[in-house]
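Notes follow the structure.
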Amino acid sequence: MRNSVALLAGASALAVSVFAPPAHAQVADAITIYNAQHEGLTKEWAEAFKEDTGIVVTIRNGSDMEFANQIVQEGENSPADVFLTENSPAMALVDGKGLFEPVAADTLAQVPEQFRPSNGHWIGVAARSTVFAYDKTKLSADKLPKSMLDLATPEWKGRWAASPSGADFQAIVGALLQLKGRDTTENWLEGMQANYTAYKGNSIAMKAVNAGEVEGALIYHYYYFGDQAKTGENSNNVGLHYFKGQDPGAFVSISGGGILKSSKHKEQAQAFLEWLTGEGGQRVLRDGTFFEYAVGKGQASNKALVPLAELDAPKVEPSTLNNAQVTDLMTEAGIF
Amino acid sequence: MTSSVSDIAVPLARHRHRLGASSWTFLIAVVVALLALVPLGFVIWATIATGPEMAYKLIARPRVGALLTNTVLLVSITVPICAVLAVALAFLTERTDMPGRRLWAWLCITPLAVPAFVHSYAWIGLWPGLHGLPAGVAISVTAYFPLLYLPVAAALRLLDPALEDQASSLGLSPLGVFRRVVLPQLRLSLCGGALLVGLHLLAEYGLFAMIRFDTFTTAIVEQFQSTYNGVAAHMLALVLVLCCFALIGFEAILRGRSRYARLGSGVARVAGVVRLGRWRYAVMALPALTAAFALGIPAYTLSRWLIAGGATIWRMDEIGLALLQTLTICVIGGFFTVLAALPIAWLSVRRPVRSSRLVESCYYLASAMPGVVVALALVTVTVRVALPLYQTVATITLAYVIMFLPRALVSLRTSIAQVPVELEQAAASLGRSPARALMATTVRLAAPGAAAGMALTSLGILNELTATQMLAPNGTRTLAMAFWALSSEIDYAGAAPYALLMVVFSLPMTWLLHHQSRKIAGR
Amino acid sequence: MTFLQVRGLRRHFGSVAALDGVDLTVAAGSRTAIVGPSGCGKTTLLRMIAGFDVPDGGSITVDGVLLADEQMQVPAHKRGIGLVAQDGSLFPHLTVSDNIGFGLEKNFAGRDALIDELIDMVGLERSMLSRKPEQLSGGQQQRVALARALARKPRLMLLDEPFSALDTGLRAQTRRAVTEVLAAAGITTILVTHDQAEALAFADQVAVMRGGKFAQVGSPRDIYARPVDAATARFLGEAIVLPAEISDGFAECALGRVAVDGGARSGTAEIMVRPEQIEVLPFHEGAEGVAGIASQIDFCGPSYDVTITTEGPQPFVMRLSLPSRNILGEGDRLRLRVAGKVHVFGG
């Protein structure tokens, strides 16, 4: 009997010691991030941030909308201090429920207005551009789609891929909805359902293009550069086509960062966003192997990228991207 | 729900008068059973909360139809192939003079040491474009046929050979003997194994996600990733749970009520082997081919990535932490699962009355729930009702208890049954209270069973991905989670060390599984 | 007329000889019992005749047709030899009716009628046909097993300890029933058993087996009364073996002067007396027989177990069972007289 009690106590102690996060969160200089960004990128940010400030970061990894809905359900009991996303709609959802603490003015000042919502409840920390990644061995420049809308025409039946379950793609549809309205979006999604092949994840879709399974994929730019920086084995046959001309397909999506109202470490959380949008965080984007665009004022992006200014992106208001309507429309179209 | 609670409560009250220890044990067993039924209760609650109109709208749509078609096709093609393969392999390894049959038997079980999603990873490493139903079936067969091979081989080994002699003396050719005498006697183990394979197919996420084959589980995870625990996910979970019930019901019908125990007394003679003559070497093609697919492909892909990745993929700080966290949740999960199984294991051996059988069947039913449903239920319950438990080790431990309790139960029961009840009585007569008498005798002597139960539970936890991902405390990164994150970003080389570690730690436990299946079949 | 001929049958398992040159001749329509202690090779012999095992040497011929030798094997299912095993070996997944009809063609028109006839023949109710084997008693299971084997009208029936799992009372009853059915059907039968009383009661011909060989083959009465050696004698029943001096058809021994069965021999030999040959009477001075002293008396209800030590120059000690109708006390003097002839080993 005594042995069992000791064993029980031992097991519990082990549990507490190895899964330290709850304990961390109680330490004054520690924050918890719900991270929907790429794990590697946020990990690098967290390590550099700790180096600079001594604040410990605990990361929970997941995806944009999962966390957005989770934070809404957790309400004021959320263990998260900071929420980082890849795209804006998830931020808009949380903001819509009034769960964000306004971002400090100094921090907001570090990022140009087009990369943050006008209410200042959250802030852009990075950006990504929509591209059509195509098989260079199959498509020449004249055969590429002029607009993203062309992909819904019968001409493109069975020829392109996407990862519709990801927040990335849903953000693109969200932009389409905002720019062209409901009817156009509905029609486009119907055409897409008839034409496209579903892959799970943008990198996998690009890999399929590279392997000749499909001719092209509607994804974001940095997957290509990330793979090129490594071995290129999943992208050497791939070319990137930027739609430009303020086409919906030229949409630039803003990755957001926000501080939760329920956070008990707001000071450290503010410090993190300030650091992230400043030299410290943006330098990781410039020098690292992640290839997302830097958004800080005067912060350069990686030299390999086509400069943001040349992309001729359409103007989209990030705070009103409506993901719930997007998923409803996609469900109706039979994509989900 | 209420009716089952009152059913249980009545005998409980009666017991209390007579036996102090067993009524307390029963009470604990009932509490554990109620906890185990939380996911099922959650699905019922979610359905009611959604309302019939909304539920109908979410269920009666083409997407659900497509998922149902996928699921039905997957199960109805994979399970029969697994069954035929398992019977053929079991026959060759148990009942013929095929050279090296002990080694082949071992190779038929080893695929279980490779997590299902690692099988998938290995196949797409070799054939990158692989996708859809044919791929799903092929990979599922290689990943899951051992679940059928184990019971069938154990049953074959224990069949009374006198029956087969008898049948051939009645004029049946060897093929006729197999068809009319051997096969019918394998029905129980075939049904049990097939159910297990079917439930795994319904619950698996990683294997199918990686080859772009949509099932209810992948769709629920997708829904979870885009809406957290939204209504659409709940309704998909409802359909998935109904599929599980359909499978369980189907198995019950197939199995029938008959028992195929050996009649008469005495120990059965050890079955003789069939002399294959000049086919002796040719038949090795079957196990060799199976091993090539189920072990060769993972071994080839893994070593290719490990070599390609070189030293840089061994980021020891990250891998070390993941390993430490994985082993810790394995130990904790295993420990508490065995602890939770102890009361009902003891009751089912010492007091096999209707009420304890009812409680026991609750555990089996609960464990048939796919990990994704268990996780969805516990997320919802903790975030809404039991907030202090939200995202804690306690919650994920509960999930493991629910999913893996039968593994511990089976091990414990065999080993408790071997402890004579007289020992408990002797301890009691020497002045120990019933509880302490139990602790001093049966619990101590059942320790080997407990250890085996813990190991088998740990094997399940080690390779669990879906529920772990959804329930793990902040900052947790198990081997399976890390593997999944890396391979999702097509960093296949970086994922290889994690896959290797999972396989290495699973290997000894599959041996245990092999060993135990024979012991249980001998009961 | 010879029906089954076994010649020089040998079978080795590793270095152990399970069968070490067995010869056996069985007449058509007769009943043969093979009896021996466990491990003597009797089951191996039976399995070889049935076709479940392959001989290393020797041959098996049935009705003039060679079934097996070291070169060729007729497979079991083509031999037409019936088998009833120790526990019946009924198929647990089939009903009684399907068990009995197992060896019959599925579409055979008279199938049901034949099954009815068979179950009548073995003395079971027809209402049992729909039951599962587990619902039958051991004796009933054996009868079903017999009916199942009879359904194919076998040329030869092998019974492998079919009664040993049954209770004592049921055993004799089932054995008689089986004997009657087989006799009525005129089927040549071989019974394997370790129970010598069963062997003697059942068979026309008994073969005593020991160490992979037949020690003796003969009619039940003959082998009981004239066993080849002491071991065989003791295996078949209680036996008192003692030294004697033989001359002129009489043996001079501790039990006095008694008639022997083989007249030709003379000189020193071992003789065997069955206890039932010894009459024990109250002692009277001058009466026939030898005197003995009773000791170590155990009262067992109907009988006493008594140690009796003969008086004389070479006292001989034996343990006998005596009816308990006479009161017997420690140290009582008794008179012993041998009835009939005693058997001389090697004579």
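The structure presented is a predicted model; accordingly, all values stated were derived computationally and were not measured. Chain letters run A, B, ... following the sequence lines, proteins first, then strands; residues in each count from 1. Just so you know, these numbers use all the heavy atoms, side chains as well, and skip hydrogens, waters and symmetry mates.
With a 4.5 Å cut-off on non-hydrogen atoms, A/Tyr34 touches chain B through its side chain but not through its backbone. Looking at A/Thr231, neither its backbone nor its side chain comes within 4.5 Å of chain B, counting heavy atoms on both sides. No part of B/Pro62 comes within reach of chain A, as not one of its non-hydrogen atoms sits under 4.5 angstrom from that chain. For A/Asn61, the part lying under 4.5 angstrom from a heavy atom of chain B is the side chain only.
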When the side chains of residues 324-336 of chain A are checked against the rest of the protein, which donor-acceptor pairs come out under 3.5 Å, sequence neighbours left out?
from: A/Thr327; atom 1: OG1; to: A/Asn323; atom 2: O; distance (Å): 3.2
from: A/Thr327; atom 1: OG1; to: A/Ala324; atom 2: O; distance (Å): 2.9
from: A/Thr331; atom 1: OG1; to: A/Thr327; atom 2: O; distance (Å): 2.6

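Within 6.0 Å of NE2 on A/His221 lie more than 12 heavy atoms contributed by other residues, nucleotides or ligands. Remark: A/Lys138 NZ is packed, more than 12 non-hydrogen atoms of other residues, nucleotides or ligands lying under 6.0 Å away.
For the atom pair CD of B/Gln391 and OG of A/Ser78, the computed distance is 7.5 Å after rounding to the nearest 0.5 Å. Atoms CD1 and CD, from B/Ile490 and A/Glu233 in turn, are 8.0 Å apart once rounded to the nearest 0.5 Å. Annotation: the span from B/Tyr390 atom OH to A/Gln73 atom CD amounts to 8.0 Å, rounded to 0.5 Å. Annotation: the span from A/Glu39 atom CD to B/Glu489 atom CD amounts to 6.5 Å, rounded to 0.5 Å. Going from atom OG1 of A/Thr32 over to atom CG of B/Asn474 covers 5.5 Å, rounded to the nearest 0.5 Å.
Here A/Glu66 is the residue among A/Glu66, A/Glu213, A/Lys207 with the most heavy-atom pairs under 4.5 Å with chain B. By number of non-hydrogen pairs under 4.5 angstrom with chain B, the leading residue of A/Ile59, A/Leu93, A/Asp227 is A/Ile59. With chain B as the partner, the residue from A/Ala211, A/Ala198, A/Ala80 showing the most heavy-atom pairs under 4.5 Å is A/Ala198. Heavy-atom pairs under 4.5 Å with chain A peak, among B/Leu387, B/Asp491, B/Thr397, B/Ile124, at B/Leu387.
Nearest approach of B/Ser488 to A/Ser203, heavy atoms of both residues: O-OG, 3.4 Å. Heavy atoms only, all atoms of each residue included: A/Ser165 and B/Glu222 are closest at CB-CG, 3.4 Å.
Contacts between residues 206-220 of chain B and chain A, defined by a heavy-atom separation under 4.5 Å, are made by B/Ala209, B/Arg212, B/Asp214.
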